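These notes are about the structure you will find just below.
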Protein chains: 2
Amino acid sequence: MPRSSDRVTIHDVAQRAAVSRQTVSNVLTHPTRVRPETLERVQAAIAELGYQPSSSAQSLRSQRAGAVGVEINTLGPRSHNETMAPFLGSLAMRAAEHGSHMVPFGSPGDRPMVQGYQAMWARRLVDAFIIADTHHGDPRPAWLEENGIPFASFGRVWDDPTFTGWVDVDGAAGTSAAVAHCAELGYRTVGYLGWPSGSVVGDDRRAGWVAGCAGTGVAPGPEASCDQDLDDARAAARRLLADLGPSDAVVCASDILALGLHHELLAAGREPGSEVGVVGFDGSDTALMHHLTTVVQPLDQIADRILDLLDDALSGRARPSAGALLHPVLLRGDSTSARSRSR
Amino acid sequence: MPRSSDRVTIHDVAQRAAVSRQTVSNVLTHPTRVRPETLERVQAAIAELGYQPSSSAQSLRSQRAGAVGVEINTLGPRSHNETMAPFLGSLAMRAAEHGSHMVPFGSPGDRPMVQGYQAMWARRLVDAFIIADTHHGDPRPAWLEENGIPFASFGRVWDDPTFTGWVDVDGAAGTSAAVAHCAELGYRTVGYLGWPSGSVVGDDRRAGWVAGCAGTGVAPGPEASCDQDLDDARAAARRLLADLGPSDAVVCASDILALGLHHELLAAGREPGSEVGVVGFDGSDTALMHHLTTVVQPLDQIADRILDLLDDALSGRARPSAGALLHPVLLRGDSTSARSRSR
DNA sequence: GACCTTGATTTGAACGATCAAATCGGTACA
DNA sequence: TGTACCGATTTGATCGTTCAAATCAAGGTC
């Protein structure tokens with residue numbers, strides 16, 4: 001029976017098993033150091049008392065918070081960032097297996113500033129950070145690097161090509177697979193609805209479309225670009241519509257853009273899929289809800305790899321020689337469907 | 001200058017200001033105990049060294065993790081739960097002002113089990129939990145209560161009316177306001193698209209529709225119900241369409257349902273807003289994206305109140321005599337618009 | 001029988017903070 | 001002059017764990 005207080009400590013277990021605290025500790029961290037007979041007795045005591053080491057005590061002793069910070073400014077309303085929320089979910093689930101947990105935090109302002117990071121780091125609430133969506137001129141990578149703070153990034157860190165602690169989705173492979181999918185289903189041309197050139201992610205995805213068309217021999221269809229916004233997407237889609245005949249398909253840089261095109265097709269009385277094929281990108285809830293064919297980001301895998309990177313960094317292992325590019329997976333929905341090639 | 005190591009501790013500050021560690025501690029926690037002159041000197045040292053107390057050390061000493069657990073199973077893909085993700089965002093932002101942080105976690109399975117909670121609690125990674133979406137037969141509230149674990153709930157805890165540690169949105173007030181909004185704009189009847197009766201949240205929202213119609217004198221329009229799913233919503237909306245004339249409006253139990261109706265209207269060539277009014281509920285990104293008029297849940301306020309509840313519980317203050325009902329706010333979008341009453 | 005070795009276990013110390021009790025230098029009062 | 005008292009500050013102890021060094025028991029060697 002645990003002592004009067006409700007909290008079971010290593011001391012309670014030691015007393016129960018008639019050994020010293022250190023032996024109990026060894027049972028959990030260096031089982032080989034302890035005699036099999038004793039091991040068993042201590043393990044029994046641990047089980048009976050339901051002992052689990054206190055994370056605060058371990059943190060203090062090991063100088064490790066066992067936590068990783070993730071900025072969630074982008075998670076709030078009006079952000080339209082449908083990737084970060086599920087990504088945080090994946091991280092939280094996977095973190096358990098890595099013996100750590102996530103601490104979401106935000107800076108007051110809209111723009112990602114180092115202020116929030118600074119606050120978390122100074123108190124050592126976290127051992128490392130995960131950043132995402134870095135852009136040109138993003139102050140975070142440089143600041144983290146300068147201060148020797150471990151971090152990993154979801155998405156390439158474009159400002160610093162020497163930094164290899166990132167995991168990213170091979171956007172070109174994704175759009176290329178989307179084109180292949182359309183070709184296979186018999187669409188005659190494959191157009192592209194993307195973002196204005198200049199964004200690295202956008203250019204990457206567009207490149208996959210170009211390469212995909214060249215590789216499969218399908219004719220490139222019309223192209224338009226717009227911002228990551230449903231209204232803009234619809235406007236851009238309207239511009240495309242005139243050039244889209246039956247059995248044409250369009251690959252989009254994101255699910256939001258795909259949804260915009262989807263809506264315009266319906267508004268024009270043209271059935272998505274059976275008439276004009278539409279493929280989105282991201283595998284967002286939005287796409288699933290509307291049954292759009294989409295290129296799904298393997299968020300669980302990404303989370304796992306990122307946590308591996310941090311494990312390595314925290315145990316002083318060398319950084320990998322290069323970042324990791326993961327392949328997205330095409331998820332077939334109703335917005336693309338087989339058509340007879342004979343028409 | 002900080003000592004050779006990179007970590008600034010209370011000892012470094014003490015040395016720098018030529019006082020003892022305890023005096024430094026007092027400066028931060030009991031400033032009145034220290035002579036003004038000394039206070040200033042120590043504060044200067046703190047500022048110069050950029051000292052912040054170590055959270056692990058404080059946790060161990062105070063027996064408080066300073067963290068709150070939030071289950072995020074519902075946050076993963078395919079959950080269609082558009083409220084939890086932004087809510088977690090609000091919590092994370094507000095938590096900073098409450099001197100704590102959020103720890104999102106998940107259980108392997110789909111259904112909320114106590115297993116995940118157990119794991120977090122045993123190691124004292126968190127001091128309390130925030131639960132949401134409790135349903136009849138939910139094992140969590142009872143289990144938490146039994147084990148004396150502090151928690152608060154977003155949404156009433158229906159199985160235990162004596163539990164008052166909850167904050168909820170006044171759904172009836174929301175739908176009622178939605179009806180009033182429609183009446184004000186001149187819609188002749190206001191229908192309802194809701195969930196099958198039996199869900200407490202759903203019944204609450206429906207009651208507000210009924211009361212709103214009675215209160216404003218607007219005629220109740222047709223009614224239908226379906227699950228929280230876009231396809232189901234569209235099917236239900238099709239059933240409603242026949243009974244919906246121009247200048248009729250429909251209040252919906254959620255943004256997803258509203259979106260379903262929105263889509264069916266467009267598919268039938270009837271303009272949402274100008275012909276048939278549509279009001280959603282939740283204030284989700286989906287609604288904002290589609291410019292739907294919607295009843296917005298005040299997530300920041302809810303987060304604040306919930307954290308207050310936990311602060312009280314952790315400092316041993318008595319529970320409030322009743323749960324808190326917060327008023328949602330109607331956000332006007334394009335899916336409702338003024339019409340001339342003269343027609 | 002004294003001495004060394006090996007393996008298993010225990011004791012001491014430390015991580016960084018804060019509470020409680022002890023100390024210190026002054027003042028006031030008898 | 002002694003002492004009681006005060007505010008300001010310091011010292012000691014503690015939270016629960018784990019590393020490093022000390023101890024202990026058993027066996028082997030010369």
Side-chain angles (χ1 to χ4, degrees), chain A residues 2-43 45-46 49-66 99 121-125 127 315, chain B residues 2-43 45-46 49-66 99 121-125 127 315:
Chain A
R3 60 152 190 231
S4 58
S5 166
D6 58 343
R7 172 79 187 146
V8 180
T9 78
I10 200 171
H11 191 238
D12 300 317
V13 178
Q15 223 162 356
R16 173 90 150 152
V19 294
S20 70
R21 24 177 183 79
Q22 184 61 31
T23 302
V24 178
S25 177
N26 283 337
V27 165
L28 293 168
T29 52
H30 307 280
T32 56
R33 289 189 193 163
V34 67
R35 191 156 42 122
E37 181 186 303
T38 318
L39 185 74
E40 205 176 344
R41 198 168 74 248
V42 173
Q43 279 170 335
I46 289 176
L49 297 176
Y51 167 73
Q52 300 247 145
S54 143
S55 61
S56 335
Q58 282 182 322
S59 292
L60 177 57
R61 177 68 239 230
S62 65
Q63 301 286 68
R64 284 280 170 80
W121 181 251
R123 313 199 52 201
R124 291 296 158 99
L125 249 162
D127 303 316
S315 35
Chain B
R3 60 154 192 231
S4 59
S5 163
D6 58 344
R7 173 78 187 146
V8 181
T9 79
I10 200 171
H11 189 79
D12 300 318
V13 179
Q15 222 162 0
R16 173 92 149 153
V19 293
S20 70
R21 21 179 185 86
Q22 183 60 31
T23 301
V24 179
S25 177
N26 284 336
V27 166
L28 293 169
T29 52
H30 308 280
T32 57
R33 288 189 194 163
V34 78
R35 190 156 44 124
E37 181 186 306
T38 319
L39 186 74
E40 205 175 346
R41 198 169 74 251
V42 174
Q43 280 170 336
I46 289 176
L49 297 177
Y51 167 73
Q52 301 247 145
S54 145
S55 60
S56 333
Q58 284 182 322
S59 292
L60 178 57
R61 178 68 238 231
S62 66
Q63 301 287 68
R64 284 279 171 79
W121 182 251
R123 312 199 54 198
R124 292 296 158 100
L125 248 162
D127 303 315
S315 33

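Worth saying up front: this structure is predicted, and the values here are computed from it rather than measured. Each chain gets a letter, A, B and so on, in the order its sequence line appears, and its residues count up from 1. Just the heavy atoms: all of them, side chains too, but no hydrogens, waters or symmetry mates, feed the values below.
Regarding Arg64(B), its CZ atom lies at a distance of 14 Å from the P atom of dG16(D), rounded to whole Å. Distance CD (Gln22(B)) to C1' (dT23(C)): 14 Å, rounded to an integer number of Å. Asn26(A) places its CG atom 11 Å from the P atom of dA8(C), with the value rounded to the nearest Å. Between Leu39(B) atom CG and dA8(D) atom P there is a gap of 11 Å when expressed in whole angstrom units. Between His30(B) atom NE2 and dA8(D) atom C1' there is a gap of 15 Å when expressed in whole angstrom units. Per the geometry, CZ belonging to Arg61(A) stands 8 Å off C1' belonging to dA13(C), to the nearest Å. Atom pair Asp12(A):CG and dC15(D):P shows a separation of 11 Å (rounding to whole Å applied). The OH-C1' distance, from Tyr51(A) to dT18(D), rounds to 10 Å in whole Å.
With hydrogens and angles disregarded, a donor-acceptor distance shorter than 3.5 Å links the side chain of Arg41(A) to the backbone of Ala17(A). In terms of modelled atom types and a separation under 3.5 Å, the side chain of Ser25(A) and the main chain of Arg21(A) share no donor-acceptor contact. In terms of modelled atom types and a separation under 3.5 Å, the side chain of Ser59(A) and the main chain of Arg64(A) share a donor-acceptor contact.
Using a 4.0 Å heavy-atom distance criterion, Thr29(B) is classed as a sugar-phosphate-only contact. Residue contacts shown for Ser20(B) include a base, since a base heavy atom lies under 4.0 Å away.
Nearer the 5' end of DNA chain D, as judged by each residue's closest nucleotide, is the contact made by Arg21(B), out of Arg21(B) and Leu60(B).
Using a 4.5 Å cut-off on side-chain heavy atoms (C-beta onward), Leu28(A) and Ile46(A) make contact.
Gln58(B) has a side-chain polar atom (N or O) that falls below the 4.0 Å cut-off from OP1 or OP2 of dT18(C). Checking the phosphate oxygens (OP1, OP2) of dC15(D), no side-chain nitrogen or oxygen of His11(A) falls inside 4.0 Å. Taking side-chain N and O atoms only, Thr23(A) has a distance below 4.0 Å to OP1 or OP2 of dT10(C). Residue Arg35(A) places at least one side-chain N or O closer than 4.0 Å to OP1 or OP2 of dT9(C). Between Gln63(B) and dG16(D) there is a side-chain polar atom (N or O) within less than 4.0 angstrom of OP1 or OP2. In this model, the phosphate group of dA8(C) is not approached by any side-chain N or O of Thr38(A) to a distance below 4.0 Å at OP1 or OP2. Here Ser25(B) does not reach the OP1 or OP2 of dC19(C): none of its side-chain N or O atoms lies under 4.0 Å away.
Geometric assessment of Arg123(A) against the ring of Trp121(A) yields a negative cation-pi assignment under the 6.0 Å and 45° thresholds.
In this structure, the nucleotide among dA17(C), dT18(D), dT9(C) sitting nearest to the side chain of Ile10(B) is dA17(C).
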